[in-house]
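All of these numbers come straight from a predicted model, not from anything done at the bench.
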Amino acid sequence: MTTVDNDADVIVVGAGPGGSTTAYHLARHGVRVLLLEKTEFPREKVCGDGLTPRAVKQLVKLGVDTSAESGWLRNRGLRVIGGGVRLELDWPDLASFPNYGLVRTRLDFDDLLAKRAVEAGAELRTGVNVTGPVLAEDGRVTGITAEVGPDKTPATFAAPLVVASDGVSGRLPLALGLAKREDRPMGVAVRRYYRSPVRHEDDYLESWLELRSKENPEKLLPGYGWIFGMGDGRVNVGLGVLNSSAAFGRTNYRRLLVDWLSGTPADWGMTDEANADGPVLGAALPMGFNRVPHYTRGVLLVGDSGGMVNPFNGEGIAYAMESGELAAEIMVQALARPAGPERERALAGYPAELKVRYGGYYRLGNVFVKLIGNPHVMRIATRHGMPHPTLMRFVLKLMANLTDPRDGDAMDRIINGLTKAAPAV
């Protein structure tokens, strides 16, 4: 696969969950991988820190020990609060996915995945800020340019294939003219850690469908909140607002978070600034394939770089890891072929397979985002849906994308049928 003129067979830009997963699976198949990360590990990352069974499955594939002894906090499902109802929904018992979720801070989660990639044989270089692509005469990407270390030393790295897993900023795709699509969903999320001896250990991830402030409890605040126990004396508390909401882009999200938390019980520890562990941090959530194409001129987009966050629930880690595994499988097959038309035919399978896997589901998600952006629709759905546990179990399966593709129950068949019938985005 290798040639003496290249620094690697594949350069992976960004060592988040998507990039590290891509590098791991490539290295495991004997591909020479260069994994470039602009920061140093461990490093902070804005995230809810909650992982559904879909993400857990990917961790198991990487050989990660997800036991409590290894620092993971397991959860049984999702607790939903809204419409005056508090409902605990266990993760479904499926053949395709584990029946538990996890919580772990991104401070060492990403570090752990990067180390797994290195153990598999990938070469990790931190402190490498990729500045742009290297283009051949025909416009194909043959490597990247970068600034290395604190001195920002210019450097160039060459490889026949490059993976852009550089997150929502997508600097590498932008340099290739791949701007995000404005007709696809986008969210903004903010989160903060609080010390909370009462809430830090929890068997369920907790989602708030209605947010109210202490000052005016009758008025609904925009957005949807979460409280995830970290198991270490802290909770991860945050909220998200979708671009289908009238409040999107017009709201001080940090103030909104504090306003919501002011109405929570005092013994939870979230009304007292002295219990805050760090600042309020925010990030964008690129959803529903909001940057395409996912393959062009030797570059494959993975995870947030390709706008792969689930529009239904804002989950990004699972899809970053899944797309990374798929990209690796495609590249292994492509690199076994001679450069030119044969290799390109193999690489074209990447966006095609992404469309098959997620296209219909994301189409449904895009419709869902538009509907819940209307407060009136959301209020009706919450008040009439929440009192019905069977309906909510169906909603949980749909929103978390947790079904068995074959031999599933009636809910699985309905959801799978809907995603197949929906035109792919």
Side-chain angles (χ1 to χ4, degrees), residues 48 50-61 66 74-83 85-103 202-209 224 226 228 287-288 308-319 321-323 325-326 353-369 371-372 377-378 380-425:
L51 304 171
T52 72
R54 199 169 185 101
V56 175
K57 180 177 181 178
Q58 291 300 312
L59 290 173
V60 172
K61 284 188 178 183
T66 61
R74 292 196 178 195
N75 56 72
R76 297 171 50 186
L78 182 68
R79 180 184 304 114
V80 187
I81 298 172
V85 178
R86 180 179 181 271
L87 191 63
E88 291 183 345
L89 303 166
D90 287 354
W91 299 120
D93 192 10
L94 301 169
S96 303
F97 298 97
N99 64 352
Y100 65 95
L102 295 167
V103 176
D202 198 338
D203 287 341
Y204 290 86
L205 300 177
E206 187 167 284
S207 176
W208 291 56
L209 302 184
Y224 316 94
W226 70 81
F228 297 163
M287 299 174 169
M308 298 184 196
V309 173
N310 182 346
F312 282 103
N313 66 356
E315 180 180 18
I317 290 177
Y319 299 93
M321 296 179 75
E322 288 179 11
S323 61
E325 181 187 18
L326 174 62
E353 180 61 23
L354 285 175
K355 190 173 183 178
V356 169
R357 290 189 184 187
Y358 308 126
Y361 180 75
Y362 282 175
R363 173 73 71 179
L364 294 177
N366 293 354
V367 173
F368 171 79
V369 166
L371 288 174
I372 66 172
V377 172
M378 186 60 188
I380 292 174
T382 300
R383 293 187 177 176
H384 292 279
M386 286 287 291
H388 301 283
T390 301
L391 174 61
M392 292 306 294
R393 282 194 290 271
F394 174 84
V395 172
L396 176 67
K397 278 193 167 189
L398 174 63
M399 295 184 67
N401 199 8
L402 295 172
T403 62
D404 278 327
R406 55 186 64 86
D407 298 326
D409 61 16
M411 292 183 186
D412 293 356
R413 292 193 293 273
I414 292 171
I415 293 170
N416 295 339
L418 286 172
T419 57
K420 288 178 182 178
V425 293

Nearest non-hydrogen partners of Asn75 and Leu51, listed with the distance: ND2-O, 4.4 Å
For Glu325, enumerate each residue passing the salt bridge (charged side-chain N to carboxylate O under 4.0 Å, His left out) test, keeping only those at least two apart in sequence or located in another chain. Lys61
Are Leu205 and Trp91 close enough that some pair of their side-chain heavy atoms sits under 4.5 Å apart? yes
Indicate yes or no: at least one non-hydrogen side-chain atom of Trp208 is less than 4.5 angstrom from one of Val80. no
Taking all heavy atoms of Val425 and all of Gly288, pick out the closest pair and write down the distance. CG2-O, 4.1 Å
What are the two closest heavy atoms between Leu78 and Ser207, and how far apart are they? CD1-CB, 3.9 Å
For Tyr361, ring pair (Phe, Tyr, Trp, His ring centres under 6.0 Å) partners two or more places apart: Phe312
Tyr358 meets the ring pair (Phe, Tyr, Trp, His ring centres under 6.0 Å) criterion, sequence neighbours left out, with Tyr319, Tyr362
Side chain to side chain contact (heavy atoms under 4.5 Å, CB included) against Pro387, all qualifying residues, sequence neighbours excluded: Val85
Is any side-chain heavy atom of Leu59 closer than 4.5 Å to a side-chain heavy atom of Leu102? yes
For a quick test of reading the model, state the closest non-hydrogen atom pair linking Leu209 to Gly82 and the distance between them. CB-CA, 4.4 Å
If you round to the nearest 0.5 Å, how far is CG of Asp93 from CG of Leu402? 11.5 Å
Can you name the side chain to side chain contact (heavy atoms under 4.5 Å, CB included) partners of Asp404, sequence neighbours left out? Leu94, Ala95, Ser96, Asp412
Can you tell me if Arg54 uses its side chain to pair, donor with acceptor, with the backbone of Asn401 under 3.5 Å? yes
Rounded to the nearest 0.5 angstrom, the OG1-CG distance for Thr52 and Asn313 is 7.0 Å
Residue pairs fulfilling side-chain hydrogen bond (donor to acceptor under 3.5 Å, both in side chains) with at least one residue in residues 414-425, sequence neighbours excluded: Thr403-Asn416
Is there a side-chain contact between Phe368 and Leu398, using heavy atoms and a 4.5 Å cut-off? no
Spacing of Met399 atom CE and Leu89 atom CG [to the nearest 0.5 Å]: 11.0 Å
Any residue meeting side chain to side chain contact (heavy atoms under 4.5 Å, CB included) with Val367, in chain and number order, not counting sequence neighbours: Leu371
Minimum heavy-atom separation for Arg363 and Ala424, please, with both atom names. NH2-O, 3.4 Å
Side-chain heavy-atom pair Ile372, Val377 within 4.5 angstrom cut-off: no
Just to verify, what does Arg383 make a salt bridge (charged side-chain N to carboxylate O under 4.0 Å, His left out) with, not counting sequence neighbours? none
Which pairs with one or both residues in residues 384-396 pass side-chain hydrogen bond (donor to acceptor under 3.5 Å, both in side chains), sequence neighbours excluded? Thr390-Arg393
Is there side-chain contact between Pro53 and Asn99, with heavy atoms separated by less than 4.5 Å? no
Tell me every residue that passes side chain to side chain contact (heavy atoms under 4.5 Å, CB included) with Ala381, counting only those two or more places apart in sequence or in another chain. none
Looking at residues at least two apart in the chain, or sitting in another chain, which of them share a salt bridge (charged side-chain N to carboxylate O under 4.0 Å, His left out) with Arg413? none
Short N-O contact, Asp202 and Arg79, less than 4.0 angstrom: yes
Does the side chain of Glu315 come within less than 4.5 Å of Val309's, by heavy atoms? no
Results of salt bridge (charged side-chain N to carboxylate O under 4.0 Å, His left out) for Arg357 - residues two or more places apart only: Glu353
Please give me the minimum heavy-atom distance between Leu391 and Gly385, naming the atom from each residue. CD2-CA, 3.9 Å
Nearest-0.5 Å distance that lies between atom CG in Asp203 and atom CZ in Arg76: 6.0 Å
